[in-house]
Amino acid sequence: MASVVVLENVGKRYTTVKGKEIHAVKDVSLSVQTGETVGIVGPSGCGKSTLLRLIAGVERPSSGSIHREAAGGHFIVGYVFQDSSLMRWRTVYDNIKLPLEVVKKRDLGNVDRLIDLIGMKGFERSYPIELSGGMQRRVSIARAFVHEPSIILMDEPFTGVDELTKEALQTELGNLIRTLRATALLVTHDIEEAVFLSDRIFVMSPRPGAIVEEIPVNLPAVRDASTRSNLEFVAAAGRVRAKLLELHAMRVEAAT
Amino acid sequence: MAGVGRTTRLSLQGLAAYSLPVISFVAGVVLWQLLISLFRIPAYLFPSPSAIVQVFFTGHVNWLQQTWITLNEAVTGAVIGVIVGFAIAVVITLSAPLRKILMPYIVALQVLPKVAIAPIIYILLGFSNTSRVLLIVILTFFPIVINVSTGLTDVDRNLIYLLQSLRAGQATIFFKVRLPNSLPYFFDGLKIAVSGALVGAIVAEFVSSNSGLGFLILNSQYTFNTVAAFGAFTILTVLGLLLYAAVIVLARQLMPWYRSG
């Protein structure tokens with residue numbers, strides 16, 4: 001299987017406005033294969049978002065290298081952010097259309113197709129302020145897929161959504177990734193979310209973020225509400241949790 | 001049944017919300033009229049509302065002409081001020097060096113009470129319409145510079161990342177993110193600018209003019225024609241309200257996405 005992104009010993013240091021040196025990411029090596037969803041789980045502030053920005057090409061690594069490969073055409077990412085980050089001055093339709101405008105794609109067929117897939121027909125002309133939180137997340141997800149990117153980067157996509165809506169959105173997102181045969185990289189601190197959506201999970205340490213373990217998720221491709229009570233689901237979540245607790249204990253020990 | 005009762009109460013509350021300010025205003029005017037009559041206060045000290053209404057029909061002053069002069073100065077100055085202000089805001093947002101170079105002058109002008117320079121503008125530019133408009137421009141461009149530059153800068157970082165990840169250049173980011181993001185800030189600035197424009201017009205006419213509402217007020221002082229001054233106050237209040245309302249209507253038209261929920 002071909003890889004979409006390969007990171008080799010990637011590190012990122014930067015200096016804050018106040019002159020403090022921050023070592024955000026340390027020595028990260030990983031690859032994402034075409035068609036798979038990889039989850040990265042780690043505590044808040046462990047450099048997960050930085051990692052996504054490095055892959056997106058918005059920031060450059062201080063050390064190491066990133067190889068981006070695109071099957072036929074340019075490597076381009078789709079981005080889903082923590083808070084949906086919609087343009088409040090654009091309608092649902094125009095928000096989803098945005099990436100097509102920027103990459104200058106004339107064919108807008110994908111916009112209608114995605115509005116249909118996320119179940120937002122009839123809301124095309126609504127503004128974000130008129131939508132519920134869950135609907136705003138759906139629109140931001142559609143925006144990430146519309147230009148058929150090489151990889152979808154998701155940064156804590158459902159933070160701040162109530163538990164039931166979150167589970168429904170996770171199921172929808174999983175279905176969307178499968179239907180569109182997308183490749184995805186999910187960054188989250190929500191263990192269940194990572195297990196539910198991923199084929200493999202990397203556990204990241206606190207800052208400077210480094211990958212400390214890879215945990216495979218042996219679940220069927222088609223996942224729904226019942227997946228959450230599957231033994232393999234519970235086992236994988238347990239392994240991730242154990243590793244995170246171990247890291248947490250080490251940090252507490254180091255601090256005392 | 002419960003639903004009916006609820007709607008009735010709601011509409012009564014709605015009525016109270018709209019009628020109370022009106023009742024308060026009318027009661028104030030009536031009380032004012034009564035107090036003036038009761039204590040027989042002469043009109044040159046403090047005129048009654050009825051005397052102010054009468055002054056518009058005495059024919060000593062061409063009210064329409066004087067109002068037009070002041071309004072014309074205010075609007076001309078405000079339009080120029082808004083254009084200049086917007087341009088400066090764009091420049092200092094896009095160029096960090098220019099921002100640093102211009103910052104001391106902007107801050108100095110910000111803290112200076114700008115009407116203080118009114119008498120000196122006439123030394124530079126003479127007692128012309130240009131001097132009056134210039135003072136108004138100085139008063140109006142300021143809130144626009146401050147608000148628009150905030151609106152152009154205070155954008156969702158994620159939207160910048162999103163566009164950068166799609167290989168968008170600075171120009172695309174400016175037109176697709178920064179500019180639309182600045183609109184609500186711009187209209188907040190415009191609300192301040194239109195009231196500033198009227199202040200500027202009046203001060204400019206105080207200092208150098210032989211026409212306009214400001215000149216009329218100053219002239220009323222010399223001639224103890226207090227009623228005429230109060231007539232000018234009334235017109236200025238109405239003008240201020242109309243300009244403010246115009247900004248709000250324009251904002252609603254151009255930003256259906258803003259507080260439309």
Side-chain angles (χ1 to χ4, degrees), chain A residues 49-50 52-60 68 74-92 94-105 125-133 135-136 140 143-144 146-157 159, chain B residues 86 89-90 92-94 96-97 99-100 103 147-190 247-261:
Chain A
S49 302
T50 308
L52 290 190
R53 287 199 289 275
L54 291 169
I55 294 169
V58 171
E59 283 177 30
R60 289 177 185 285
R68 305 177 179 88
H74 298 290
F75 176 91
I76 200 141
V77 304
Y79 231 133
V80 185
F81 300 99
Q82 248 181 64
D83 33 20
S84 44
S85 281
L86 297 174
M87 294 180 166
R88 56 180 175 162
W89 53 89
R90 280 180 177 238
T91 60
V92 165
D94 288 342
N95 261 295
I96 297 174
K97 191 179 75 161
L98 175 82
L100 295 177
E101 284 172 27
V102 178
V103 301
K104 298 190 173 65
K105 268 194 190 171
R125 298 167 77 86
S126 302
Y127 286 103
I129 197 174
E130 300 164 324
L131 305 177
S132 70
M135 284 169 141
Q136 292 184 10
S140 77
R143 179 178 65 184
V146 75
H147 51 305
E148 296 168 25
S150 325
I151 186 168
I152 309 272
L153 305 175
M154 297 180 284
D155 191 353
E156 314 254 6
T159 302
Chain B
F86 212 104
V90 170
I92 64 171
T93 311
L94 293 184
R99 176 168 60 246
K100 284 172 188 150
M103 202 43 85
N147 278 32
V148 173
S149 60
T150 306
L152 293 171
T153 327
D154 197 14
V155 296
D156 183 350
R157 283 301 305 169
N158 288 341
L159 285 175
I160 307 275
Y161 292 143
L162 176 66
L163 266 79
Q164 284 176 339
S165 79
L166 297 167
R167 315 267 187 278
Q170 281 302 320
T172 310
I173 291 174
F174 181 80
F175 286 110
K176 289 200 192 293
V177 183
R178 295 190 188 279
L179 200 58
N181 189 70
S182 74
L183 265 186
Y185 298 82
F186 168 72
F187 280 108
D188 280 347
L190 198 56
V247 174
I248 289 172
V249 168
L250 194 65
R252 292 226 172 115
Q253 285 300 312
L254 288 175
M255 305 187 297
W257 43 271
Y258 193 65
R259 45 170 301 183
S260 64

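Hydrogens, waters and symmetry mates are skipped; everything else that's a heavy atom, side chains included, is used. Chain A is the first sequence line, chain B the second, and so forth, proteins listed ahead of strands; every chain is numbered from 1. Just so we're clear, the structure is a prediction, and the values are computed from it rather than from any experiment.
Between the side chain of B/Arg178 and the backbone N or O of B/Leu152, at least one donor-acceptor pair lies under 3.5 Å. Between the side chain of A/Arg88 and the backbone N or O of A/Ile129, no donor-acceptor pair lies under 3.5 Å. A donor-acceptor pair is defined here as one N or O able to donate and one able to accept, closer than 3.5 Å; such a pair exists between the side chain of A/His147 and the backbone of A/Val77. A donor-acceptor pair under 3.5 Å is absent between the side-chain atoms of B/Asn147 and the main chain of B/Phe186, judged by distance alone.
For A/Val103, the part sitting under 4.5 Å from any heavy atom of chain B is the side chain, from C-beta outward, and nothing else. Only the backbone of A/Leu86 comes within less than 4.5 Å of a heavy atom in chain B; its side chain stays farther off. For B/Asp156, the part sitting under 4.5 Å from any heavy atom of chain A is the side chain, from C-beta outward, and nothing else.
Side-chain contact between B/Pro256 and A/Tyr127 is present, with heavy atoms from C-beta onward closer than 4.5 Å.
Per-residue counts of heavy-atom pairs under 4.5 Å with chain B were compared for A/Ser85, A/Ala56, A/Gly78; the largest is that of A/Ser85. Options B/Val155, B/Leu183, B/Val177 differ in how many heavy-atom pairs under 4.5 Å they form with chain A, and the most are formed by B/Val177.
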